[in-house]
Amino acid sequence: MSSQFQLMKERRFRPFFFSQFLGAFNDNVFKTALITLVTFRAGQLTQLDGAMLATLLPGLFILPFFLFSATCGQLADKYDKAAVARFVKLFEIAVMALAAWGFVAHLLWPLVTALFLMGLHSTLFGPVKYAYLPQHLRPQELVGGNGMVEMGTFVAILIGQVLGAWLVSVTDSGTLVAGVVLSLAVLGWWVSRGIPQSPAADPGLRVNWNPLTETVRNLRFAHGNRTVWLSLLGISWFWFYGATLLAQFPNFARNVLGGDESVFILLLTVFSLGVGVGSLACEKLSGGKVEIGLVPFGAIGLTLFGIDLWLASPDAPSGALTLAGALATHARLLADIAALGFFGGLYIVPLYALIQTRSEKSHQSRVIAANNILNAAFMVASAGVTLGLFALGLSIPELFLAAALFNAVVAIYIYTLVPEFLLRFVVWLLIHTVYRLDAKKLDAIPEDGPAVLVCNHVSFVDALVITAACRRPIRFVMDHRIFRTPLLGWLFRTSRCIPIAPAKEDPALLERAYDDIAAALTAGELVGLFPEGQITDTGELLPFRAGIRRIVERSPVPVVPLALRGLWGSFFSRKDGPAMSRPLRRGLFSRIELVGGEAVAPEVATPDALHGIVAGLRGDRR
């Protein structure tokens, strides 16, 4: 069984998961019931125009994200997150009691007030939701845990919307809706009592109660970490894209497909289940680590299937379309929507995990608060852009096409600014197409702090294979001539490899390389080295050169030996060696291994000692 499902058995995750699930569920039951009520039965509540109210109410729910996210982020960093979560659930009970009165008495103002307060409830819980996970999950569990949370959120949204609409449709009395939302709030509080203690990240923090100045400060702080900031923009873009699609699903179902409410629910169900499956698939596809290489993969899927959704959309409705008719006649269109959800899950889960691992621990909740502010801004912008494109004469399918093309432009822009995303994508493709990588016993590679990794040199892609297996970026030391290779050279420059040359060829470059290595280790980075100095042309392990000794004498850090097995004779190994022959060639999907050994203290990390260790790890498998 996958570890992400095993988390459901553990107290450190299960109460938190169901608390956030029930909160999202209740949010959507209440919102959908209210919007359905004002859309179809506005006369029971007010003389105001129902269509106008249905347009304004979602904005009222989003407003607290702009006003209070920065303040809520501070509170989540200052106080125990479990205590904050339980307070939020008590607050939810009070809000739902107000909403229950509005439903039973058919009064609009308590319902509108409750909607605003539920937005505040979500604003306060948001920073807790994502900052809680890195406190209680191990690094290899973060992707799976985030996948479970995203899956649970979208399933809760789906079921909540369906239940909210159904509750209003079955009775004119508001008592049933009132009972359900109040019961869900009480159940959520009861579940939250099981959330374990989560010590404050910054208990000495002085809260700035001015939301405007704190919002600016939050955004400025998040902007200081380039990778985190662009990840926040990437997540916000997903919500822009998703909001653009989801907002049009009702009209798409009715005006383009000619369907009824059941067809709209079908579209929403297919998309939500796609996101859930994609979120859960992240752990398997990433090998249990934060694999941002999935982000470009998700972006490609969002563009390709967005374009195909436009192609699969009918020019005009063929008649009254039922649920069964939609399943029978629009299988391709439904597959496109499911794929959009699936690739959306692949896109967003690694970004959340990246933010959790790369942002400063003392500011995690405030970074998540900055994310919520940007998300809200992008969703509001989505509505404005949609109105503008409709004013230009675009149809709903053409709007989907425009969003898909915008997605490609945004993706290319972000990956140009942070090439690490694209590098990890290439690495991920390499070990899922050309090779099948089995990484073993890599625990000696430290989670943080400096170390030197040494490995045998079998092929032109050894550095990429090791990069794929390691959770941390690695600065590889590499022959300067490889940097002139058209494709691989660009990848290695992008990953900040350190070029080196023999002393007789370029002594200045050699000295600069040792200086760069020392600077990288001083900065706490990992440095990767192939001590043989060249790719083997026989498949045998060549002698290790003396450079490794010079490195650890200048920077006394642990040395972690690694061994690559199964790469010799594969597509990227040398073709000009005397032992290389065509029968030795290994085809696509070849299984390869990367095996690690115990860390070696710098004082005993001699070339001969390391050579013996790597030879032992390698065995007789080339």
Side-chain angles (χ1 to χ4, degrees), residues 287 289 423 427 430-431 434-435 437-446 450-479 482 488 491-492 495-500 513 517 520-521 525-552 555 557-570 572-574 590-602 604-622:
K289 61 179 181 294
L423 171 68
V427 166
L430 177 72
I431 64 167
V434 181
Y435 302 120
L437 175 63
D438 187 10
K440 301 177 179 178
K441 301 178 182 178
L442 302 183
D443 296 340
I445 300 177
V452 176
L453 313 182
V454 297
C455 188
N456 57 316
H457 208 0
V458 193
S459 77
F460 291 100
V461 294
D462 293 348
L464 298 180
V465 172
I466 297 171
T467 296
C470 185
R471 293 185 177 89
R472 295 177 57 191
I474 305 171
R475 301 282 302 277
F476 281 98
V477 182
M478 201 168 290
D479 191 295
I482 295 180
L488 294 179
L491 287 173
F492 294 139
S495 57
R496 299 169 60 233
C497 289
I498 300 171
I500 195 168
I517 293 168
L521 294 172
E525 297 182 284
L526 295 179
V527 172
L529 190 68
F530 299 104
E532 294 167 274
Q534 66 183 66
I535 298 172
T536 178
D537 59 358
T538 65
E540 302 299 327
L541 187 64
L542 303 176
F544 282 10
R545 299 184 180 180
I548 179 62
R549 191 68 207 149
R550 180 176 174 182
I551 290 171
V552 295
S555 304
V557 301
V559 180
V560 181
L562 306 170
L564 282 164
R565 309 196 305 198
L567 266 169
W568 175 247
S570 68
F572 289 104
S573 56
R574 289 188 60 170
S590 300
R591 184 161 293 280
I592 61 176
E593 295 178 340
L594 178 66
V595 184
E598 296 295 327
V600 178
V604 295
T606 64
D608 288 343
L610 293 171
H611 185 279
I613 295 172
V614 173
L617 294 172
R618 179 175 173 269
D620 60 357
R621 296 186 61 186
R622 295 181 291 181

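- In this structure, Ile474 and Val527 approach most closely via the heavy-atom pair CG2-C, 4.1 Å.
- Put simply, CG on Leu542 and CD on Glu540 are 8.5 Å apart, with the number rounded to the nearest 0.5 Å.
- The NE2 atom of His457 sits 9.5 Å away from the CG atom of Leu529 when rounded to the nearest 0.5 Å.
- Nearest heavy-atom pair across Val560 and Ala444 is CG2-O, 3.6 Å.
- For Asp443, there are no salt bridge (Lys or Arg N to Asp or Glu O under 4.0 Å) partners two or more places apart in sequence or in a different chain.
- Rounding to the nearest 0.5 angstrom, the gap separating the CG atom in Asp608 from the CZ atom in Arg549 is 11.5 Å.
- Proximity of a side-chain donor or acceptor of Arg565 to a complementary backbone N or O of Ile592 within less than 3.5 Å is not detected.
- Looking at Phe530 and Asp479, their side chains never come closer than 4.5 Å, going by heavy atoms from C-beta outward.
- Across all their heavy atoms, Ile500 and Ala513 have their closest contact at CG1-CB, 3.7 Å.
- Side-chain contact between Ile445 and Leu453: present, with at least one pair of heavy atoms (C-beta onward) separated by less than 4.5 Å.
- Every side chain to side chain contact (heavy atoms under 4.5 Å, CB included) that Ile613 has, sequence neighbours left out, goes to Pro561, Val600, Leu617.
- Partners of Glu532 under the side chain to side chain donor-acceptor pair (under 3.5 Å) rule, at least two apart in sequence or in another chain, do not exist in this structure.
- Residues Pro531 and Val454 approach most closely at CG-CB, 3.8 Å, considering heavy atoms.
- The shortest heavy-atom contact between Ala469 and Leu437 is CB-CD2, 4.0 Å.
- Residue Val604 comes nearest to Ala609 through the heavy atom pair O-CB, 3.8 Å, listed as atom of the first residue, atom of the second, then distance.
- Distance check, rounded to the nearest 0.5 Å: SG of Cys470 to CG of Leu442 gives 7.5 Å.
- Not a single side chain to side chain donor-acceptor pair (under 3.5 Å) links Arg545 to another residue, sequence neighbours left out.
- In this structure, the side chain to side chain contact (heavy atoms under 4.5 Å, CB included) partners of Pro558, at least two apart in sequence or on a different chain, are Ala599.
- The side chain to side chain contact (heavy atoms under 4.5 Å, CB included) test applied to His611 returns Leu541, Phe544, not counting sequence neighbours.
- The shortest distance between side-chain heavy atoms of Leu526 and Pro446 falls below 4.5 Å.
- Between Asn456 and Asp462, every side-chain heavy-atom pair lies at or beyond the 4.5 Å cut-off.
- Looking at Arg475, its side chain does come within 3.5 Å of a backbone N or O of Arg496 through a donor-acceptor pair.
- You'll find the side chain of Cys455 reaches within 4.5 Å of the side chain of Leu564, heavy atoms only.
- In this view, Ala546 satisfies the side chain to side chain contact (heavy atoms under 4.5 Å, CB included) rule with no residue, not counting sequence neighbours.
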